[in-house]
Amino acid sequence: MRRLLDRLDRAFFAEAPAERLAIVRLLVGGFALVYLCVRAVHLQRVGHLPPEGFRPIGVVSVLSAPLPLWAVRGLIGAAIAAGAAFVAGFKFRVAGPLFGALLLWVLSYRNSWGMVFHTENLLVLHVIALGLAAAADAYSLDARAAAGAPSASSAPAPHGRYGWPLRLLCAITVTSYFIAGVTKLRNSGLDWALSDILRNYIAYDNVRKIALGDTHSPLGGALVRYGFLFPPLALASLAMELGAPLALFSRRIAVVFCGAAWLFHLGVLLTMAILFPYPLLGIAFAGFFELERMRDLRRPRRAGPT
């Protein structure tokens with residue numbers, strides 16, 4: 001057992017370069033910041049809703065009544081400011097955890113007024129994990145300031161403190177997909193992959209959106225005529241979700257998982273007009289890849305001796 005625990009410890013705290021974690025911080029934090037800015041007007045509109053529509057969830061459950069409009073706007077503004085510091089890597093020991101906490105609060109508060117946006121869960125968890133890590137030791141204002149100190153080295157050496165946050169992000173990602181697969185089995189059993197459940201769900205989703213005048217998928221409406229297509233698609237999605245944890249143990253499997261998950265979200269977009277921007281842009285899977293190598297690919301090769 002001790003040997004197994006030692007192996008797990010070495011795997012989870014494997015050394016990684018500071019640049020890799022910093023690039024993930026830029027990608028995840030940048031997406032979260034843009035997401036907040038784009039949705040800022042929508043997020044503050046809940047301050048105008050009747051108080052009887054307030055159904056607090058998550059951390060917002062500490063409230064018994066809605067916040068005043070000025071507080072809602074102030075928290076959104078504070079989240080955007082903390083997000084900018086998060087991306088820039090400025091005073092990250094404070095800005096990192098602060099942005100994670102404010103993002104969690106702002107999005108939970110919005111979801112306390114009706115439909116819960118599950119598309120935001122993975123993003124929030126990733127931001128919180130990065131905010132608690134040493135994710136600003138490279139490509140940041142903090143790193144630039146440290147480089148100017150007389151005793152500072154030019155770049156941090158690879159270390160386990162840069163590896164564990166990446167492993168944690170990957171674990172959070174695969175867990176979210178695994179839970180989705182288990183939920184399908186609990187609700188429908190193997191009928192999810194062997195019957196018309198997926199087909200009926202796509203048909204229902206599009207009919208409902210047409211009736212409400214919402215954006216729907218003409219492709220999904222056309223494909224439901226062909227019942228033989230859906231059991232293989234349902235089986236593939238279930239296999240991807242239940243097999244997601246295997247991505248933690250093999251780089252090749254991780255690449256297959258990321259590709260399959262991306263195709264899954266593309267299929268959801270094409271057949272039901274439901275957009276999951278975080279995984280569709282690939283940012284949700286950034287922790288699986290050695291992104292710092294892109295820097296080396298951009299460097300021109302030096303000519304060899306003649």
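Small disclaimer: the values here were computed from a predicted structure and weren't measured. Position 1 is the first residue of the sequence, and the numbers go up from there.
- For the pair Ser188 (side chain) and Leu185 (backbone), a donor-acceptor distance under 3.5 Å is absent.
- In the hydrophobic clustering of ILVMFWY residues, with side-chain heavy atoms under 4.5 Å counting as a link, Val62 and Val59 come out together.
- The main-chain N or O of Ala138 is found under 3.5 Å from a side-chain atom of Arg25 such that the two form a donor-acceptor pair.
- Judged purely by atom type and a 3.5 angstrom limit, Arg55 uses its side chain to pair as donor or acceptor with the backbone of Glu52.
- Leu33 and Leu281 fall within the same hydrophobic cluster, where Ile, Leu, Val, Met, Phe, Trp and Tyr residues are linked whenever their side-chain heavy atoms come under 4.5 Å apart, directly or through other members.
- The ring pair (Phe, Tyr, Trp, His ring centres under 6.0 Å) check on Tyr201 picks up nothing, with sequence neighbours excluded.
- The CD1 atom of Ile128 sits 11.0 Å away from atom CG of Leu169, with the distance rounded to the nearest 0.5 Å.
- Annotation for Leu190: atom CG does not count as buried by contact number, only 12 or fewer foreign heavy atoms lying within 6.0 Å.
- Residue Ile253 shares its hydrophobic cluster (ILVMFWY side chains chained together at separations under 4.5 Å) with Leu246.
- The CD1 atom of Ile202 sits 12.5 Å away from the CD1 atom of Ile197 when rounded to the nearest 0.5 Å.
- The salt bridge (Lys or Arg N to Asp or Glu O under 4.0 Å) test applied to Lys209 returns Asp205, not counting sequence neighbours.
- Checking side-chain atoms of Asp142 against main-chain N and O of Phe92 turns up a donor-acceptor pair under 3.5 Å.
- Within the structure, side-chain hydrogen bond (donor to acceptor under 3.5 Å, both in side chains) pairs that include any residue of residues 264-282 comprise His126-Tyr278, Tyr177-His265 (at least two apart or interchain).
- Listed by first and then second residue, the ring-ring contact (aromatic ring centres under 6.0 Å, His included) pairs involving residues 45-75 are Phe54-Tyr109, Phe54-Trp113 (not counting sequence neighbours).
- Under a hydrophobic-cluster definition in which Ile, Leu, Val, Met, Phe, Trp and Tyr are linked whenever side-chain heavy atoms come within less than 4.5 Å, directly or via other members, Leu98 and Phe90 are assigned to different clusters.
- Considering only heavy atoms from C-beta on, Phe230 stays 4.5 Å or farther from Ser195 through its side chain.
- To the nearest 0.5 Å, atom CD of residue Glu290 and atom CG of residue Leu166 are 10.5 Å apart.
- When the side chains of ILVMFWY residues are joined at heavy-atom separations under 4.5 Å, either directly or via intervening members, Val207 and Leu198 end up in two distinct hydrophobic clusters.
- To the nearest 0.5 angstrom, Leu275 atom CG is 8.0 Å from Thr119 atom OG1.
- Annotation for Ala133 and Leu21: closest pair CB-CD2, 4.5 Å, computed over non-hydrogen atoms.
- Taking every heavy atom of both residues into account, Leu280 and Leu269 meet most closely at CD1-CD2, 3.9 Å.
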> Could you walk me through whether Leu248 and Arg167 pass the side-chain contact (heavy atoms from CB on, under 4.5 Å) check?
Replying inline: CA-CA 8 Å; Leu248 297 175; Arg167 299 294 291 174; 4.2 Å; yes
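- For the pair Thr215 and Ala273, the tightest heavy-atom approach, listed with the atom from each and the gap, is O-CB, 4.0 Å.
- In this structure, the side chains of Leu132 and Pro97 come closer than 4.5 Å at one or more pairs of heavy atoms.
- Arg199 meets the salt bridge (Lys or Arg N to Asp or Glu O under 4.0 Å) test with Asp196; sequence neighbours excluded.
- Between the CG atom in Leu219 and the CG atom in Leu270 there is a gap of 6.0 Å [rounded to 0.5 Å].
- Residue pairs satisfying the side-chain hydrogen bond (donor to acceptor under 3.5 Å, both in side chains) criterion with at least one member in residues 227-249, sequence neighbours excluded, are listed as follows: Lys184-Glu241.
- The 12-atom threshold is exceeded at CZ of Arg208, counting heavy atoms of other residues, nucleotides or ligands nearer than 6.0 Å.
- The shortest non-hydrogen separation linking Ala244 to Val174 is O-CG1, 3.3 Å.
- The SG atom of Cys258 sits 11.5 Å away from atom CG of Leu263, with the distance rounded to the nearest 0.5 Å.
- In this structure Tyr226 satisfies the side chain to side chain contact (heavy atoms under 4.5 Å, CB included) test together with Phe228, Leu229, sequence neighbours excluded.
- Side-chain contact annotation: His42 with Arg110, donor-acceptor N/O pair under 3.5 Å present.
- Closest non-hydrogen pair, Ile172 versus Leu122, comes out as CG2-CD1, 3.7 Å.
- A heavy-atom distance below 4.5 Å is not found between the side chains of Ser176 and Asn121.
- Take Gln44 and apply the side-chain hydrogen bond (donor to acceptor under 3.5 Å, both in side chains) test, not counting sequence neighbours, and it matches Arg73.
- Tested against Leu102, the residues Leu75, Val127, Leu36 include a single side chain to side chain contact (heavy atoms under 4.5 Å, CB included) partner, Leu75.
- Applying the ring pair (Phe, Tyr, Trp, His ring centres under 6.0 Å) rule to Phe99 yields the partners Phe86; only residues at least two apart in sequence or on another chain are considered.
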>> Walk me through whether Trp105 and Leu103 qualify under side-chain contact (heavy atoms from CB on, under 4.5 Å).
In response: CA-CA 5 Å; Trp105 179 272; Leu103 183 66; over 6 Å; no
> Between Leu235 and Trp192, is a side-chain contact (heavy atoms from CB on, under 4.5 Å) present by the stated rule, with each step listed?
Replying inline: CA-CA 8 Å; Leu235 180 61; Trp192 169 262; over 6 Å; no
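- When all heavy atoms of Glu120 and Tyr35 are compared, the pair lying nearest together is OE2-OH, 2.5 Å.
- The main-chain N or O of His216 is never found under 3.5 Å from a side-chain atom of Asn206 such that the two would form a donor-acceptor pair.
- Between Tyr162 and Arg20, every side-chain heavy-atom pair lies at or beyond the 4.5 Å cut-off.
- Val34 belongs to a hydrophobic cluster with Val38, counting contacts under 4.5 Å between side-chain heavy atoms of Ile, Leu, Val, Met, Phe, Trp and Tyr, direct or through other members.
- Scanning for salt bridge (Lys or Arg N to Asp or Glu O under 4.0 Å) contacts around Arg93 gives an empty result, with sequence neighbours left out.
- In the hydrophobic clustering of ILVMFWY residues, with side-chain heavy atoms under 4.5 Å counting as a link, Val224 and Leu194 come out together.
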